[in-house]
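Have a look at the structure below before the remarks.
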Amino acid sequence: MKKTLYFLMGSSLIYPSLLKAQKLNPEKKNVKDIESIQIQGKTDYNSVNISRKKLDFIQSNTLGETLRKIPGIQNSGYGPNSGAPVIRSLSGNRVKILENGVAVNDLSGISPDFNTDIEMNSVQNITVYKNSASVLYGGKAIGGAIDIETDYVPRQLPNKTINFRGLLEGGSNSGQKQAFSAKGVIAKNWVWTVGAANQKQEIVRIPGKSKDSRCYDPSLVGFNSILQSLCQIEVDSRHVLNKSLFPYISQFAIDHMIEYELSEGDLYTFSPTYYNPSDGKHYPNPKNQLYVSGQDPVKDRYKDEVNNIRDYVQTKDGEIPNSHSESNSFYVGTSYIGKSFYAGGAYQNSFSYFGVPGYTLPKMPQHTHGKPQPKIEYRPINIRSLSHKAMFESGYQFTGFPISSIKLNYMGVFSKNAELIDRQRANQFEVNQHNGRLEIVQQKLKFLSGTTGLDIQYRDMTGDGKQRYLPNTISREIGIFTMQHLDFNSVQLDLGYRNDHVQRRADADKKYVRSRGLSGGKLSDRDFTLHQLHTSAQWNIFKKAYLKAQYNHSERAPEVNELYAGNNHFAILTEENGDDRLDKEIAKTVELGAGINLKNLRVSANWYHTSYKNYIYLAHTGISREVFLVKEWRSDDTEINGVEAEAAYKVDLNKIGKWEIGAYYDLVRNISVADSSIRKWSDGDYMPFWI
């Protein structure tokens, strides 16, 4: 059983006179105002907020698992150590992960086995945008955004000279965790923070088997190479002649089998007689005792025979294979907090090493030219990441000025992210990323409030390893936006617009070996101009109910893997091929919502429809090379339709406490509307999520 111990401490290790001065400090009220500097209307942008208090109850190892019980959100679930949020069927490069409003180094959109680069123990609050947030955060938020608030950079003076928070956790199936964070006062207006965390787990245990029983169903996996790859099984199957189809056995074939080197296919026949060339006469053929009448001569000529199904690596019931994990992190930060100004910086370091529940080949088998095939050895897939973050944040509160406040954020991310076959490096991406964000909040008028801002991002991604599937790439993005909120008491309106310019560049160095497939085409330079629009209206009915309608026009530029990938991607057992001719995605979404909020009852419901042009997905080609399925990034039109409903009822049971009973319903369909017989043959009616 999992056991957790939390402990909190506050002490006065600095002189009592200083502590007394802090308590009487009149600047604290203004400091809280500074901390609330944010985009006006965010709370009306179809968002959900999760506090630290609630996170203590629902927090899991991954961000996707933590958020999966919110209506409209699922977990991608690429094993117990890697899971990203799926918002209304969209994830990866369509759901932007942010830390304090700026993009984190998140490679999970490029490869789903990478975990989101967030230390969950340091999270103070999470804001989830369940519809397009592209006006606020750009094209990668076309399907939503997750903004994670951390306190590496202090934004207000602590209420005690030193605040300490610690965590010790251990359990039979949760591993071990140790973490602490501390905040204190250096001198008047100066605050420091420091913290660290460590985690380790050997194996994750589960009830039952680690694989679905359908992976061993001959009728499903016998001749389906895609399912065989996903289930990680080897199948001994073949098409054999259906002997019961033929009513006769050829006497001529029996007599001359060796002489003419005839096969079993020559032995069975539909003819009641055979011709004897020695005397020029016809003679009757013997009847086939196995014959079954009523079969189709064409469709039933061969039958499927599955002799054996075996796992790449033998699994153990009750355990997820290769589910080990270990991680550690450390941060330190400081801030100056004045009456109307604050500025601070922080450094954070994190390391993680964990297993993906899958196995692959360290080396492709070679042709043996008739010699016995050596035993194929599969090895586990592991992920290793090392990240360094440099953060800077500042804000200024104006008085008697058209601008209410201004806020500036910067984050530099320098990381190495490797996919390993056991301990051997298959590929590695070294990422140098710089993000800057400026927000200017205008002074609130009688009915108008809003913000205008600027986002800049630069990312240099360098690859290494003999089996890497991406060339070196550089991405540049710049966007300017404005979001305005009009409040007429019972009626509220929102209007926002954003313009983005995106550059993608690829450089195939001499060490990069491309596949035989499309492999990124000519690796051409690509430039995209994106337009984002948000409008919404809400009618509040006597403060007890509301009706809401909103429309979003969102655009997304293809990511580097969608444009330039071109080799075996070992972690997903796929030969991944990008296409440098892909155009930008365009999504148009209409959403209608209603809700009622009485004393003890809360009910809400939403319906949404998205029309997607050039929806980019990883498509099957029907080709397989060695153990890898060959796939290509393609685009087709699609439609997303969904319904969400949530209800909660509060009841006071006196001595046994206050209770809240709740339930939710969530349905989403991502259906292709492209009139393509090839697409429907290779991927069906619904768009594939990832692989």
So is Arg437 actually on top of Tyr137's ring, under 6.0 Å and inside 45° of the axis?
-> no
Between the side chains of Tyr497 and His531, is a donor N or O closer than 3.5 angstrom to an acceptor N or O?
-> yes
Output yes when Lys658 and Glu660 qualify as a salt bridge under the 4.0 Å nitrogen-oxygen rule, no when they do not.
-> no
Is Asp494 close to Thr535 at the side-chain level, that is, under 4.5 Å between some pair of heavy atoms?
-> no
If you take all heavy atoms of Pro71 and Asp666, which pair is closest and at what distance?
-> C-OD2, 4.4 Å
Just jot down the ring-ring contact (aromatic ring centres under 6.0 Å, His included) partners of Phe180, sequence neighbours excluded, or say none.
-> Phe164
Has the side chain of Asp455 got a donor or acceptor atom that lies under 3.5 Å from a matching backbone atom of Gly479?
-> no
Where do Phe354 and Ser82 come nearest, in terms of heavy atoms and distance?
-> CE1-CB, 4.2 Å
Okay, side chain of Lys548, backbone of Asn606: is any donor-acceptor separation there less than 3.5 Å?
-> no
Pairwise side-chain contact, Glu119 with Gln348, heavy-atom cut-off 4.5 Å (strictly under) = yes
Are Arg155 and Glu393 close enough for a salt bridge, meaning some N to O gap below 4.0 Å?
-> yes
Looking at side-chain heavy atoms only, is the closest gap between Leu67 and Ile50 below 4.5 Å?
-> yes
Could you tell me which non-hydrogen atom of Val95 sits nearest to which non-hydrogen atom of Ile146, and how far apart they are?
-> CG1-CG1, 4.1 Å
Any side-chain heavy-atom pair from Tyr615 and Ser635 closer than 4.5 angstrom?
-> no
Are Tyr129 and Asp147 side-chain neighbours, meaning at least one heavy-atom pair lies under 4.5 Å?
-> yes
Taking only Lys NZ, Arg NE, NH1 and NH2, and the carboxylate oxygens of Asp or Glu, determine whether Lys407 and Glu439 approach each other closer than 4.0 Å.
-> no
Decide side chain to side chain contact (heavy atoms under 4.5 Å, CB included) for Tyr342 and Asn189; before the verdict, give the C-alpha distance in whole Å, the side-chain angles of both, and the deciding distance to 0.1 Å.
-> CA-CA 9 Å; Tyr342 82 100; Asn189 301 112; over 6 Å; no
Determine the interplanar angle of the Phe447 and Phe488 rings, folded into 0 to 90°, and report it as parallel if under 30°, tilted if 30 to 60°, perpendicular if over 60°.
-> parallel
Which residues share a side chain to side chain contact (heavy atoms under 4.5 Å, CB included) with Pro357, sequence neighbours left out = Pro80, Ile320
Can you name the side chain to side chain contact (heavy atoms under 4.5 Å, CB included) partners of Ser404, sequence neighbours left out?
-> Gln397, Val441, Gln443
Applying side chain to side chain contact (heavy atoms under 4.5 Å, CB included), run through Arg498 and Asp500 and close with a yes or a no.
-> CA-CA 7 Å; Arg498 181 186 182 107; Asp500 288 305; 2.9 Å; yes
If every non-hydrogen atom of Ile126 is compared with every non-hydrogen atom of Met120, which pair is closest and at what distance?
-> CD1-CE, 4.5 Å
Should we count CZ of Arg52 as having more than 12 external heavy atoms under 6.0 Å?
-> yes
Residue Gln124 excluded, over 12 heavy atoms near CD under 6.0 Å | yes
Evaluate the side-chain proximity of Tyr152 to Glu99: yes if any heavy-atom separation is below 4.5 Å, no if none is.
-> yes
Under the side chain to side chain contact (heavy atoms under 4.5 Å, CB included) test, which residues partner Thr610, sequence neighbours left out?
-> Ala587, Thr589, Tyr612, Ile640
Test side chain to side chain contact (heavy atoms under 4.5 Å, CB included) applied to Ile440 - qualifying residues, sequence neighbours left out | Ile403, Ile406, Leu438
For the pair Asn75 (side chain) and Pro85 (backbone), establish whether a donor and an acceptor sit closer than 3.5 Å, ignoring hydrogens and angles.
-> no
Sequence neighbours excluded, the answer for side-chain hydrogen bond (donor to acceptor under 3.5 Å, both in side chains) partners of Thr482 is Thr452, Gln484
Is there side-chain contact between Asn435 and Ile456, with heavy atoms separated by less than 4.5 Å?
-> no
Do you know the tightest heavy-atom contact between Gln74 and Ser89?
-> OE1-N, 4.4 Å
Would Asn49 and Thr127 count as having a side-chain donor-acceptor pair, cut-off 3.5 Å?
-> yes
Does the side chain of Thr638 come under 3.5 Å of the side chain of Asn670 through a donor N or O and an acceptor N or O?
-> yes
Do Leu63 and Ile97 touch side chain to side chain, with heavy atoms closer than 4.5 Å?
-> yes
Between Ser350 and Ser329, a side-chain donor and acceptor under 3.5 Å | no
Verify, without hydrogens or angle tests, whether Glu585 (side chain) and Ile616 (backbone) share a donor-acceptor contact under 3.5 angstrom.
-> yes
Polar side chain donor-acceptor pair, Asn81 to Gln201, under 3.5 angstrom | no
Flag yes if more than 12 heavy atoms outside Trp539 fall under 6.0 Å of its CH2 atom; otherwise flag no.
-> no
Please lay out, stage by stage, how His553 and Lys588 fare under the test side chain to side chain contact (heavy atoms under 4.5 Å, CB included).
-> CA-CA 5 Å; His553 175 98; Lys588 299 178 181 179; 3.8 Å; yes
What are the two closest heavy atoms between Ser554 and Ile142, and how far apart are they?
-> CB-CG1, 3.5 Å
